Amino acid sequence: MSNESTSAPNFIRNQIRDEVEAGRVDTVVTRFPPEPNGFLHIGHAKSICLNFGVAEQFDGACHLRFDDTNPAKEEQAYIDAIKEDVSWLGFQWSGGVRYASDYFDQLYAWAQHLVREDKAYVDDLSPDEIREYRGTLTEPGRPSPYRDRSADENLDLLERMRAGEFAEGEKVLRAKIDMASPNINLRDPILYRIRHARHHQTGDKWKIYPSYDFAHGQSDAIEGVTHSLCTLEFEDHRPLYEWFIENLPVPSTPRQIEFARLNLNYTLTSKRKLKLLVEEEIVDGWDDPRLPTISGMRRRGYTPTSIRKFCEMIGVTRADGGLVDIAMLYHAIRTDLEDNAPRAMCVLNPLKVVLTNVEASHEEVYEVPGHPARDDMETRRLPFTRELWIDRDDFMEEPPKKFFRLAPGQEVRLRNSYVIRCDEVIKDDAGEVAELRCSVDFDTLGKNPEGRKVKGVIHWVSAAHGVPVEVRLYDNLFTVEQPDKDRDADFLEHLNHESLVTVQGIGEPSLATAKPEERFQFERVGYFCADRHASREGRLVFNRTVGLKDSWAKIQKKG
RNA sequence: UGGGGUAUAGCCAAGUGGUAAGGCAGCGGUUUUUGGUAUCGCCAUUCGCAGGUUCGAGUCCUGCUACCCCAGCCA
């Protein structure tokens, strides 16, 4: 994949460039460090593009390392899904997959080192007591009564914690820093807690697990990571990150740089809330096409290129509280698919048209381009017959002034075919339009009619040849820009109940062989992707990735 | 009323003392057998606010204001 989509400059790239030019860094090493407790989403894509993009730009390396320090919340299934997503986005991590748990032995030895240096101690306070002793944002904390145990006693207790002699919550290992620090993270942070849980990588070997703070920076140091890029909420942890690096005999000195996380309107990027939507079966799994998960976007029809392009467009800064317009994402996928998706005609809401001056036995087949601007794409065969389907939206019995489509007595161009005129409207018993009787102007194939201008062009499918397709029309999952804005209110109240509308349509014959994940532009309608789970030959299911821009809808809206 | 951050157009975002890039959205024209695409044009006398320094300030100084993050044995 080209590095074009991951090369936009930003403050982090500039800083690293300066360091490289000044000779302060040799080989740049970054890492993408997900916790395997859920699926990756568009916010992670931003981080992935940054980390892998930086490594690529400076001819360095980017590691994939699972931050697996909390076995209670993590699963192998998430690890598999995350690897798949990163690969699908088009990135290759350097070396094998890494795990923080690979370093548990070293981390434990370093914990002992801190104890020996009188920089860590075992605390018997309960979780509630620890919170109480920690103080508040405005008041300093107080030292734990267990803070001054001897190194030998601490070493012994730590060893027994590891051996599983104590119950969960009974003891923790804490760094001895400063209970009065205005930075709460420095008030004797917890290094190890007891968890009698089976770990997906290390099995039953450990009864104690390191905290994020104690594991992350040291893992970076072990791997030779030079730049540890993370989001803004870890800014307050940086002094602690550096404290460990300075107080431990680590093999390298990584530096943490923070950037703002992505907020996208009309969507959620909280892993906890996404998980809830999945577990409550409000959506169809982690890869539901309405979710901003990488796998959901993939199933929806987004391309890796479009996601990388989007990440380039939004940039990387330290400005927080912003909200990116989802229109940017739509733009990114439209531009990719405009260039690369083959075209087809598909009627979503069929209305029968009978061409009265065409014989019932008549059939002609056009060979039409797969893409209007790309002759490298295969052509498709398009049969034309007496009876056709068109979209109901393309007919109005009483059209407004600027309606260029079909109406009684009005002419329209059938895409790739003739100009027809609507002569008669046939209604059913309920008064609904059931069928249109039209006549063909046979002197209009590949040329404009004489003496008049026909501005409208509509898509159509031969009734004798069309193939049935199920089309899933997706829209934003939420009706408001920030569904989780009110912390107290339930974000589920803002669910868009029309976020999925399924219709039965009729596609042109070339669609019959569509493979799962194959993408098309349904001309005049939008971009669609054959569902990777449900679609197969004989039972076609398409997901709408995004609609085409619709200036007619705008005109109508304005009245 | 603790600490750490951030403010440039409706949205994202360049800009590092020399006179406000780019993209999205929007608006208008041209082209068009997709009301799509492409293409052309318009869209910040001003950078959260108020002062100050300077020949010159989005950039430096002072003081305000708004918003985000932190009191998990989550990451």
Side-chain angles (χ1 to χ4, degrees), chain A residues 8-10 14 33-35 37 67 69-70 72-73 123 125-127 130-132 134-141 168-174 181-187 189-195 208-209 211-213 215-216 230-239 258 260-262 265 271-272 312-332 334-335 338-339 343 345 372-373 402-405 412-419 444-448 454-459 521-526 547-555:
Chain A
N10 57 54
N14 293 345
E35 185 189 14
N37 66 345
D67 223 333
T69 55
N70 188 359
K73 291 188 175 174
D123 195 350
L125 253 28
S126 70
I130 287 182
R131 188 183 323 120
E132 195 188 321
R134 186 151 39 218
T136 69
L137 295 178
T138 50
E139 303 157 29
E168 291 189 10
E170 209 176 321
K171 288 180 168 35
V172 288
L173 181 73
R174 295 229 252 169
S181 172
N183 181 345
I184 290 180
N185 295 300
L186 263 21
R187 318 239 264 232
I190 286 162
L191 271 32
Y192 270 98
R193 70 282 213 209
I194 297 167
R195 284 279 178 282
I208 57 173
Y209 291 92
S211 63
Y212 163 84
D213 287 307
H216 203 97
C230 65
T231 42
L232 249 22
E233 65 268 27
F234 291 101
E235 203 163 1
D236 292 341
H237 294 243
R238 192 171 62 224
E258 311 85 17
R261 58 188 307 155
L262 167 68
N265 62 7
K271 242 194 230 178
R272 207 198 100 240
E312 182 198 340
M313 283 197 288
I314 60 175
V316 177
T317 69
R318 290 176 62 85
D320 55 0
L323 190 60
V324 173
D325 193 337
I326 196 162
M328 285 215 216
L329 227 204
Y330 295 152
H331 177 262
R334 281 198 192 104
T335 53
E338 160 64 25
D339 289 344
R343 311 286 130 122
M345 291 196 284
K402 292 269 172 120
F403 188 75
F404 303 140
R405 285 111 96 148
V412 80
R413 159 78 64 181
L414 293 177
R415 175 78 169 147
N416 294 306
S417 183
Y418 301 104
V419 168
T444 55
L445 191 61
K447 60 190 260 199
N448 289 125
V454 176
K455 193 165 167 65
V457 180
I458 65 173
H459 56 283
Q521 184 198 94
F522 291 172
E523 288 190 291
R524 302 207 317 126
V525 181
L548 251 31
K549 282 205 211 164
D550 189 351
S551 58
W552 169 241
K554 260 183 213 169
I555 293 168

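Just so we're clear, the structure is a prediction, and the values are computed from it rather than from any experiment. Proteins come first, then strands; the chains are lettered A, B, ... in the order of their sequence lines, and each starts at number 1. Below, all heavy atoms of this structure are taken into account, side chains as well, without hydrogens, waters or symmetry copies.
- Put simply, the side chain of A:R187 gets close to the backbone of A:R134: a donor and an acceptor are under 3.5 Å apart.
- Closest to the side chain of A:E233, out of B:U34, B:C69, B:A71, is B:C69.
- A side-chain donor-acceptor contact under 3.5 Å links A:R334 to the backbone of A:G547.
- In this structure, CZ in A:R195 is found 10.0 Å from OG1 in A:T69, a value given to the nearest 0.5 Å.
- Taking only side-chain nitrogens and oxygens, A:K455 never comes nearer than 4.0 Å to OP1 or OP2 of B:U32.
- A:D123 has its side chain within reach of A:I130: a pair of non-hydrogen atoms, C-beta onward, lies under 4.5 Å apart.
- Across all strands shown, B:U19 forms no Watson-Crick or G-U wobble pair with both distances under 3.5 Å.
- Taking atom C1' on both nucleotides, B:G23 is separated from B:C55 by 36 Å, rounded to a whole Å.
- Within 4.0 Å of A:P372, counting heavy atoms only, lies at least one base atom of the nucleic acid.
- A:D123 comes within 4.0 angstrom of no nucleic acid atom, judged by non-hydrogen atoms across all strands.
- For B:C24, one of the phosphate oxygens OP1 or OP2 lies less than 4.0 angstrom from a side-chain nitrogen or oxygen of A:H331.
- The side chain of A:R318 contributes no N or O atom lying less than 4.0 Å from OP1 or OP2 of B:G5.
- Panel note: side chain A:N265, backbone A:L323; no donor-acceptor pair is recorded below 3.5 Å.
- Residue-level contact check: A:F234 touches the bases, meaning some heavy atom is under 4.0 Å from a base atom.
- Between the side chain of A:T231 and the backbone N or O of A:R261, no donor-acceptor pair lies under 3.5 Å.
- A donor-acceptor pair under 3.5 Å links the side-chain atoms of A:R524 to the main chain of A:V457, judged by distance alone.
- At a threshold of 4.0 angstrom between heavy atoms, the contacts of A:V412 with the nucleic acid are absent.
- Salt bridge present: A:R343 and A:E338 bring a charged side-chain N and a carboxylate O closer than 4.0 Å.
- In this entry B:A7 has B:U65 as its Watson-Crick or G-U wobble partner, both defining distances falling under 3.5 Å.
- Taking atom CG on A:N185 and atom C1' on B:G3, their separation rounds to 10 Å, with Å as the unit.
- Annotation: B:A38 and B:G48 have their P atoms spaced 33 Å apart (nearest Å).
- Evaluation of A:W552 against the base of B:G35 yields a stacking contact (centre distance < 5.5 Å, interplanar angle < 30°).
- For A:R131, a side-chain nitrogen or oxygen approaches OP1 or OP2 of B:G72 to under 4.0 Å.
- B:G52 sits 42 Å from B:G41 when the C1' atoms are compared, rounded to a whole Å.
- Using a 4.0 Å heavy-atom criterion, one finds that A:I190 contacts the bases of the nucleic acid, with or without backbone contacts as well.
- Among the nucleotides B:U34, B:A13, B:G72, the one closest to any side-chain atom of A:T317 is B:A13.
- Rounded to an integer number of Å, the gap from CZ of A:R272 to P of B:G72 is 16 Å.
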Is there a salt bridge (Lys or Arg N to Asp or Glu O under 4.0 Å) between A:K271 and A:E35? Walk through the geometry before answering. CA-CA 11 Å; A:K271 242 194 230 178; A:E35 185 189 14; 5.1 Å; no
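- Dashed line: the shortest gap from a side-chain N or O of A:R193 to OP1 or OP2 of B:A75 is under 4.0 Å.
- With both ends at atom P, the span from B:U59 to B:G51 equals 14 Å, rounded to whole Å.
- When the nucleotides B:G5, B:G36, B:G3 are ranked by their closest atom to the side chain of A:R343, B:G36 comes out on top.
- Annotated as anti: B:G4, whose glycosidic dihedral deviates from 0 by more than 90°.
- Side-chain N/O atoms of A:R413 and base N/O atoms of B:U33 include a donor-acceptor pair closer than 3.5 Å.
- With hydrogens and angles left out, the side chain of A:R334 and the base of B:U37 share no donor-acceptor pair within 3.5 Å.
- Residue A:Q521 is classed as a base contact, given a heavy-atom separation below 4.0 Å to a base.
- In this structure, A:S551 reaches the B:G36 phosphate: one of its side-chain N or O atoms is under 4.0 Å from OP1 or OP2.
- For A:R195 and B:C74, the shortest distance from a side-chain N or O to OP1 or OP2 is below 4.0 Å.
- Within 4.0 Å of A:G456, counting heavy atoms only, lies no atom of the nucleic acid at all.
- Annotation: B:C73 and B:G2 have their P atoms spaced 24 Å apart (nearest Å).
- Note on A:F403: a base of the nucleic acid sits closer than 4.0 angstrom, heavy atoms only.
- Here B:C12 presents its C1' atom at 13 Å from CD of A:E312, a figure rounded to the nearest Å.
- A:E139 has its CD atom 12 Å from the P atom of B:G2, to the nearest Å.
- OP1 or OP2 of B:A75 lies within a sub-4.0 Å distance of a side-chain N or O belonging to A:T69.
- Here the P atom of nucleotide B:U33 and the CZ atom of A:R415 are 9 Å apart, to the nearest Å.
- Rounding to whole angstrom units, OH of residue A:Y192 and P of B:C74 are separated by 14 Å.
- One atom, CG of A:N37, and another, C1' of B:C74, lie 9 Å apart when rounded to the nearest Å.
- Remark: the separation of the P atoms in B:G28 and B:C43 is 15 Å, to the nearest Å.
- Between A:R187 and the phosphate of B:C70, there is no side-chain N or O to OP1/OP2 separation shorter than 4.0 Å.
- Within the nucleic acid shown, A:E338 comes within 4.0 Å of at least one base atom, counting heavy atoms only.
- Heavy-atom nearest nucleotides on RNA chain B were determined for A:D325 and for A:I458, and the one closer to the 5' end corresponds to A:D325.
- Contact annotation: side chain of A:D236 to base of B:G3, donor-acceptor pair present below 3.5 Å.
- Minimum atom distance to the side chain of A:V457 is reached by B:G35, of the listed B:G35, B:A71, B:G2.
- Using a 4.0 Å heavy-atom distance criterion, A:G169 is classed as a base contact.
- When heavy atoms are screened at a 4.0 angstrom cut-off, A:T335 is found touching no nucleic acid atom at all.
- At whole-Å resolution of the value, OH in A:Y212 and P in B:G72 are 17 Å apart.
- Spacing between B:A57 and B:U53 at atom P, rounded to whole Å, works out to 11 Å.
- As judged by a 4.0 angstrom heavy-atom cut-off over every strand, A:L125 is placed among the base-contacting residues.
- Where A:L414 and A:G321 each meet RNA chain B at their nearest nucleotide, the meeting point lying more 5' is that of A:L414.
- In this model, the phosphate group of B:G26 is approached by a side-chain N or O of A:K554 to a distance below 4.0 Å at OP1 or OP2.
- Within 4.0 Å (heavy atoms only), A:H237 reaches at least one base atom of the nucleic acid.
- Between the side chain of A:S181 and the main chain of A:N183, a donor-acceptor pair closer than 3.5 Å is present.
- Under the Watson-Crick and G-U wobble criteria, each requiring two contacts below 3.5 Å, nucleotide B:G2 is paired to B:C70.
- Residue A:K549 places at least one side-chain N or O closer than 4.0 Å to OP1 or OP2 of B:U37.
- Separation of the P atoms belonging to B:A66 and B:U1 is 10 Å when rounded to the nearest angstrom.
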